[in-house]
Number of protein chains: 2
Amino acid sequence: MATISDVATKAGVSTATVSRALNGVSSVDPELVARVVNAARTLGYQPNGPARSLRRQETAVLALIISDVENPFFTAIARGVEDVAQAVGYSVVLCNSDEDTGKERRYLDVAIQERVAGVIISPTGTPSNVDVLRDRGTPVVAVDRPLAERSCDCVLVDTRDAARHATGHLIEEGYQRIGCITGPAGVPTADDRLAGYREALRAAGRDADARLVRRAEYRAAGANKATHELYQEHNRPDGLLVANSAMAIGVLEALASIGLRLGSDVGVVAFDDVPWATLLDRPLSVVAQPAYDMGGAAANLLLERIADSDRAPTTTTLNARLIERASSTRL
Amino acid sequence: MATISDVATKAGVSTATVSRALNGVSSVDPELVARVVNAARTLGYQPNGPARSLRRQETAVLALIISDVENPFFTAIARGVEDVAQAVGYSVVLCNSDEDTGKERRYLDVAIQERVAGVIISPTGTPSNVDVLRDRGTPVVAVDRPLAERSCDCVLVDTRDAARHATGHLIEEGYQRIGCITGPAGVPTADDRLAGYREALRAAGRDADARLVRRAEYRAAGANKATHELYQEHNRPDGLLVANSAMAIGVLEALASIGLRLGSDVGVVAFDDVPWATLLDRPLSVVAQPAYDMGGAAANLLLERIADSDRAPTTTTLNARLIERASSTRL
DNA sequence: CTGAAAGCGCTAACAT
DNA sequence: ATGTTAGCGCTTTCAG
């Protein structure tokens, strides 16, 4: 593969001039630039990335570590990140931590070893994993979930507020015993959505009945099981707040198999807008999070921090939007 | 950030010994290994990836270039690739070409510049883009779509066969005027699915009616429009083969808005299994492709080729599975 | 404005 | 078994 010195020989100049010409340093004789560009093209020259990174002590790649590639919410974030990064010449490498602290740790190590310019992460488990980056001065932005230490840029949505709204909506629609199916304890979004749910009940002068709350992994299977449990008890809920779209699938399957109809028998609102929401017989009401914008905002924040590591940490909080459909309407 | 020579100094050995110890060369005195490992740990040493890549003239990263990160089919492939790669110590960088030849080209350039060990690609548009890799001897595996030149490892599914089966199933269920909504001309999967559809009709002694065929981008919006067009004509189809799951969403929305019921009014089979298929009032019949396995197979093929570039190119063809549900049953 | 040369951090001969 | 050293390809002083 052609190197910079092949190009230099072919163009009859030094490697320094080739480097300057190809990197757009203005002080190069236009005629030489033309010769260099020509030589590079005929040789099919492509710069050696590792050599450049080694010399410059920096790379033009960002790492994005998410907890589930198959969750549309996270892939939408990924698009947002990528579109912003691409526009300024950065590449993005997408890593899937799968809600596994060990995997997350390994990817962080890879990110450090490859000397990426910065990391955007939706942190899984303990914040100590991320400390590894901060110790080395690698810029980090947390997205979707805050880091325990507030000393880090974050892009969040006001998910507790959104949960409160959604629950309030179910109350207004006349549902009496509203339950909540949320993610594992310790996952901030799961806890916040539960907190918002409780606030709404309290604000309406109702007791939050702990027996109507279930936790499970953020996946269909766990939510399915949790729903079946909930409906084996005496006090069956007639309303349900579901904390993510994967869970919604498990919940809706369970309700169908029990023979309950959405809206009339049980009002349901789920987090995350999904393209199939409107295909259901009773279309699904959702809390739509601005995932694409979150990704874009996170990327911008990261780029700013890369440019200026002394900037004070910012937290950007975006709002979610409740979309009311038939699944949360009595008739 | 600590370098190898910092570790060498701290452990009281040469950098060569540190390198050997940390890379598990067996001929190092166990006591020295221990000292090195200790020094490395206390210094928080992490090897410099670019330096290593430059020296070794190889990297332990694979690039995966797919045409749509938001399509569950491709994210499932990504998981398959990643699980195999991870197990043998490779990282995977995921790139989203978005069915855009220009973006694809840019990512291929990045892959070359970063000197990735190999590329798995679901090629968009002209095959000439990929030639760039083959000219440089970068190992490539095509997945989901073949490369025009057969001189390249491929992992495909027998999608024409699957389309024929699915169409045959609609015929057997008694649907009389079966239409097809497929992707853009030139995209091999789109063309193959159409070809399989036609074969099935011919085998049943029916004319393939060109007026029942529509093409659109592999997205919901285009399929929605195409469906509306189809149902404005005299000869409305009573059966539909839909070439991917994003399109299925557009089609189902259109049918609902026209007031047609799945199964009874119009039998529908769509490519790609989706988790929400069973949530519909009339659950959706699908052609389930083994996406995860495809990713795994592609990764294995690529690793083999990296190890032995002289191996003859292989084409692995996997089978899809028709899952019959209520959307393709009259009653 | 251009060239010569040093050196980023690591690994792999080669020498001991 | 360990150390010495050259050099991967590039960018960037420093001279001229």
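In what follows, chains carry the letters A, B, and so on, assigned in the order in which the sequence lines appear, proteins first and then strands, with residues in each chain numbered from 1.
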Engineer: Mapping A:T3 and B:P30 onto DNA chain D by nearest heavy atom, which one lands closer to the 5' end?
Structural biologist: B:P30

Engineer: Starting at atom CD of B:Q57, determine the distance to atom P of D:dG7, rounded to an integer number of angstrom.
Structural biologist: 14 Å

Engineer: Using whole Å, report how far CG of A:L22 lies from C1' of D:dC10.
Structural biologist: 12 Å

Engineer: With heavy atoms of chain A within less than 4.0 Å as the criterion, where does contact along DNA chain C begin and end?
Structural biologist: C:dC1 to C:dG9

Engineer: Does the side chain of B:E82 come under 3.5 Å of the side chain of B:Y90 through a donor N or O and an acceptor N or O?
Structural biologist: no

Engineer: Kindly calculate the angle separating the two end axes of the helix from C:dC1-D:dG16 to C:dT16-D:dA1, each obtained from five base pairs, and round it to 10 degrees.
Structural biologist: 40°

Engineer: For DNA chain D, whose closest nucleotide is more 5', that of B:A51 or that of B:S27?
Structural biologist: B:S27

Engineer: Please classify the nucleic acid contact of B:P50 as base, sugar-phosphate, or nothing, using heavy-atom distances under 4.0 Å.
Structural biologist: nothing

Engineer: Could you state the atom-to-atom distance from CD of B:Q113 to P of D:dC10 in whole Å?
Structural biologist: 10 Å

Engineer: Round to the nearest Å and state the distance from B:N48 atom CG to D:dC10 atom C1'.
Structural biologist: 14 Å

Engineer: Assess whether atom CD of B:E217 is packed by more than 12 heavy atoms of other residues, nucleotides or ligands within 6.0 Å.
Structural biologist: no

Engineer: Would you check if there is a donor-acceptor pair between the side chains of A:T189 and A:Y218 at a distance under 3.5 Å?
Structural biologist: yes

Engineer: Closest heavy-atom contact between B:T15 and B:I4?
Structural biologist: O-CD1, 3.7 Å

Engineer: How about B:Y292 and B:D83: does a side-chain donor come under 3.5 Å of a side-chain acceptor?
Structural biologist: yes

Engineer: Can we say A:R115 and A:E58 salt-bridge, meaning some charged N sits less than 4.0 Å from an Asp/Glu carboxylate O?
Structural biologist: no

Engineer: Taking only Lys NZ, Arg NE, NH1 and NH2, and the carboxylate oxygens of Asp or Glu, determine whether A:R145 and A:E99 approach each other closer than 4.0 Å.
Structural biologist: yes

Engineer: Less than 4.5 Å apart, any side-chain heavy atom of B:V116 and any of B:L62?
Structural biologist: no

Engineer: For residues B:N244 and B:N71, report the shortest heavy-atom separation together with the two atoms involved.
Structural biologist: ND2-ND2, 3.6 Å

Engineer: Which residue in the set A:D98, A:D109, A:D68 passes salt bridge (charged side-chain N to carboxylate O under 4.0 Å, His left out) when paired with A:K103?
Structural biologist: A:D98

Engineer: Distance check needed: D:dT5 C1' versus B:I4 CD1, whole Å only.
Structural biologist: 14 Å

Engineer: Dump the pairs, protein N or O against N or O of nucleotides 12-16 of chain D, anything under 3.5 Å, distances to one decimal.
Structural biologist:
unit_1	atom_1	unit_2	atom_2	d
D:dT12	O4'	A:R55	NH2	3.1

Engineer: When you check the side-chain N and O atoms of A:R134 and A:S151, is any donor under 3.5 Å from an acceptor?
Structural biologist: yes

Engineer: What is the distance, rounded to the nearest whole Å, between atom CD of A:Q46 and atom P of D:dC10?
Structural biologist: 11 Å

